[in-house]
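Worksheet: one structure, shown below.
First listed ligand is number 1; within each ligand, the first listed atom is number 1. Nothing fancy with the numbering, it's 1 onward along the sequence. All values below come from the heavy atoms of this structure, side chains included, with hydrogens, waters and symmetry mates left out.
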Amino acid sequence: MKKQEDLTREQSEAPEGGLSRRRFMGAAAIAGVAGATGLGSAVMSREAFAAAAEEARNKFVIHPGELDEYYGFWSGGHQGEVRVLGVPSMRELMRIPVFNVDSATGWGLTNESKDVLGRDKTYLNGDCHHPHISMTDGRYDGKYLFINDKANTRVARIRLDIMKTDKITHIPNVQAIHGLRLQKVPKTNYVFCNAEFVIPQPNDGSEYSLEKSYTMFNALDAETMEVAWQVIVDGNLDNTDADYTGKYAASTCYNSEKAVDLAGTMRNDRDWVVVFNVERIEAAVKAGKFKTIGDSKVPVVDGRHGSDLTRYIPVPKNPHGLNTSPDGKYFVANGKLSPTVSIIAIDKLDDLFDDKIGERDPVVGEPELGLGPLHTTYDGRGNAYTTLFIDSQVCKWNIADAIKHYNGEKVNYIRQKLDVHYQPGHNHASLTESRDADGKWLVVLSKFSKDRFLPVGPLHPENDQLIDISGEEMKLVHDGPTYAEPHDCILVRRDQIKTKKIWERNDPFFASAVEQAKKDGVTLEADNKVIRDGNKVRVYMTSVAPQYGMTEFKVKEGDEVTVYVSNQDTIEDVSHGFCMVNHGVSMEISPQQTSSVTFTAGKPGVYWYYCNWFCHALHMEMGGRMIVEKA
Ligand code: CUK
Ligand code: CUA
Ligand code: CA
């Protein structure tokens with residue numbers, strides 16, 4: 001047991017920005033906990049002191065067998081997947097393949113995943129940045145998670161009941177979907193997303209000039225995942241967010257110059273935030289005031305300067321993140337090349353659209369926070385937390401005070417600056433994008449880890465840091481190395497998501513397998529059958545740990561073989577796999593699921609298949625042989 005002097009010495013000995021657990025156990029935390037236990041201020045017993053210190057230190061520790069309070073969904077950046085973490089433990093719970101190929105689950109290999117990715121899937125990569133969870137009346141409803149693909153101009157949807165990607169839409173007429181947010185109110189009817197780069201319209205080789213290139217703001221129907229409409233804008237588009245009335249969405253533009261070179265994109269002191277009037281856009285589409293481009297049938301409306309569908313609010317300089325405050329009052333645009341963020345009052349936007357006020361009048365505050373402000377998040381108690389990329393800090397500031405300061409009052413709006421390690425991009429406070437922002441935890445996604453972890457060669461992991469924001473002071477409590485590149489994450493209370501423990505036999509995820517089985521007169525959960533249809537062979541196979549329903553089947557060289565495996569186990573967690581040796585075939589089949597994969601039978605000979613998800617003491621014995629005969 002340590003005495004107070006020892007603990008104090010440990011703190012002072014901790015290197016600057018060093019061992020977080022020691023720093024975390026600061027005097028304030030101890031005092032706070034001691035007060036709460038009602039032990040009085042005079043003398044604290046050594047035991048009580050140690051217990052209080054332990055409690056403070058362990059706040060983020062989830063002991064073995066205990067569950068986390070929050071789900072965290074992390075984008076996988078140019079790795080193309082989504083990762084599910086438990087917060088505050090920061091333990092990785094699951095990976096959800098989205099735009100990538102995944103050897104374990106067979107994502108990108110199975111027919112079910114190809115139905116989602118497109119049967120003619122040609123891309124093996126993706127670049128996802130912004131995961132967001134569907135909402136009803138400004139609160140997470142736990143139904144879907146949506147995420148962008150900048151690399152190949154797509155938007156994906158994940159069903160949160162099974163944590164699988166169930167729809168992917170390629171967005172026409174534009175390139176590189178970056179910023180993505182959801183309509184919050186009345187519910188997520190639209191997925192709003194920004195295409196970043198300007199291209200000629202149509203982009204068919206008939207035009208190459210930058211002057212005639214544009215980009216668009218896009219709205220997808222969240223249920224059908226079809227593009228509802230697109231809005232042509234001036235400049236480019238970076239990040240976006242929606243308000244809490246359902247009326248407005250806003251996006252940052254860092255390239256109002258429409259330059260291709262770096263110097264050119266920095267020429268203007270101010271770029272802008274473009275605000276979209278959703279009601280007016282819908283009315284324009286309804287009234288037929290749109291065009292279509294090339295083969296696309298998507299209605300395209302014109303939102304460039306002079307349009308009544310949009311307004312352009314000048315803000316400094318190459319702005320990046322755009323974040324709505326959870327009280328619904330403000331859009332905050334983060335200045336990046338300016339040390340400021342711009343606070344835009346949403347209740348002034350009606351007047352802006354009615355031309356009753358000037359273009360800069362909705363800006364009600366522009367606090368100076370530090371170098372390289374990228375993203376802002378909120379605690380629901382009136383404070384904002386902005387990442388400062390260049391300063392390697394998070395700045396906690398008070399919104400009301402920043403507005404007072406803008407109006408000439410002498411107030412200090414900055415509450416604290418905390419070093420993070422290093423160069424933070426996004427940060428995200430628990431439930432911050434909903435009305436339920438609870439100000440408990442802050443995750444900071446630091447782009448560089450430098451010296452924080454054991455060296456692993458020239459390519460370093462990033463560092464996702466966990467900060468306790470429940471008190472007055474931010475406290476860094478955990479370092480978490482991550483693989484390229486979680487741009488953003490979202491935290492949602494664990495009770496806001498309901499997952500299935502086993503599959504339902506008629507789940508739409510494998511509907512095409514069910515349909516084909518019906519045509520073939522096969523009962524998926526019972527039959528083991530080989531059906532030949534010309535050079536197409538369909539193999540239906542059941543599986544119960546630790547056996548497949550079929551230990552041998554015959555095909556001919558060059559046959560197009562489809563294997564359907566149905567897992568008959570009803571016990572939670574007993575997933576099987578199916579791997580056909582030397583055929584590039586692997587897939588997951590979880591309880592009551594059917595998975596299928598199509599491949600071409602190789603050269604004549606014997607090929608073993610085996611279960612590659614450990615399911616039983618006799619898991620190694622779960623296998624069979626495919627006999628390939630001469631054609
Ligand atoms: S962006 Cu990466 S740090 Cu794509 Cu949200 Cu700002
Ligand atoms: Cu079935 Cu391993
Ligand atoms: Ca610029």
Polar contact flag, side-chain donor to acceptor under 3.5 angstrom, [X]-[Y]:
X: Tyr378; Y: Asn323; answer: no
X: Asn334; Y: His320; answer: no
X: Arg505; Y: Thr594; answer: yes

Below 2.8 Å, any N, O or S contact between His178 and atom 5 (Cu) of ligand 1?
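Checking atom 5 (Cu) of ligand 1 against His178, no N, O or S atom falls under 2.8 Å.
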Please determine if atom 5 (Cu) of ligand 1 has an N/O/S atom from His130 lying under 2.8 Å away.
yes
For atom 1 (Cu) of ligand 2, the nearest N/O/S atom on His576 is atom ND1
For the residue pair His129 and His487, does the interplanar ring angle fall in the parallel (under 30°), tilted (30 to 60°) or perpendicular (over 60°) class?
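Plane angle under 30°, so parallel.
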In terms of the angle between their ring planes, are Phe509 and Trp503 parallel, tilted or perpendicular, with boundaries placed at 30° and 60°?
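Aromatic pair Phe509/Trp503 classed tilted.
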Restricting to N, O or S, what is the name of the atom of His619 that lies nearest atom 2 (Cu) of ligand 2?
ND1
Quick check on contacts: which atoms of ligand 1 are under 4.0 angstrom from a heavy atom of [X]?
X: His320; value: 1 (S), 3 (S), 6 (Cu)
X: Lys447; value: 2 (Cu), 3 (S)
X: His375; value: 1 (S), 3 (S), 5 (Cu), 6 (Cu)

Taking the six-membered ring of Tyr244 as reference, does the cationic atom of Lys184 (NZ for Lys, CZ for Arg) lie under 6.0 Å from its centre and within 45° of its axis?
yes
Taking the six-membered ring of Phe99 as reference, does the NZ or CZ atom of Arg154 fall below 6.0 Å from its centre and within a 45° cone about the axis?
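Ring-cation test returns no.
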Looking only at heavy atoms, is any part of Asn239 under 4.0 Å from ligand 1, and if so is it the side chain, the backbone, or both, or is it neither?
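It is the side chain that gets close, since no backbone atom is under 4.0 Å.
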May I ask you to check whether [X] brings an N, O or S atom to under 2.8 Å from atom 1 (Cu) of ligand 2?
X: Met622; answer: yes
X: Cys611; answer: yes
X: Cys615; answer: yes

Do His305 and Trp272 have ring centres separated by under 6.0 Å?
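Ring centres of Trp272 and His305 closer than 6.0 Å.
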Does His130 have its ring centroid less than 6.0 Å away from the ring centroid of His426?
yes
Taking the N/O/S atoms of His426 one by one, which is nearest to atom 5 (Cu) of ligand 1?
NE2
Pro546 near atom 2 (Cu) of ligand 2: N/O/S under 2.8 Å
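Under 2.8 Å: Pro546 has no N, O or S contact with atom 2 (Cu) of ligand 2.
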Which heavy atom of the protein is the closest neighbour of atom 2 (Cu) of ligand 1, given with residue, atom name and distance?
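Ranked first by proximity to atom 2 (Cu) of ligand 1 is His487 ND1, 2.1 Å.
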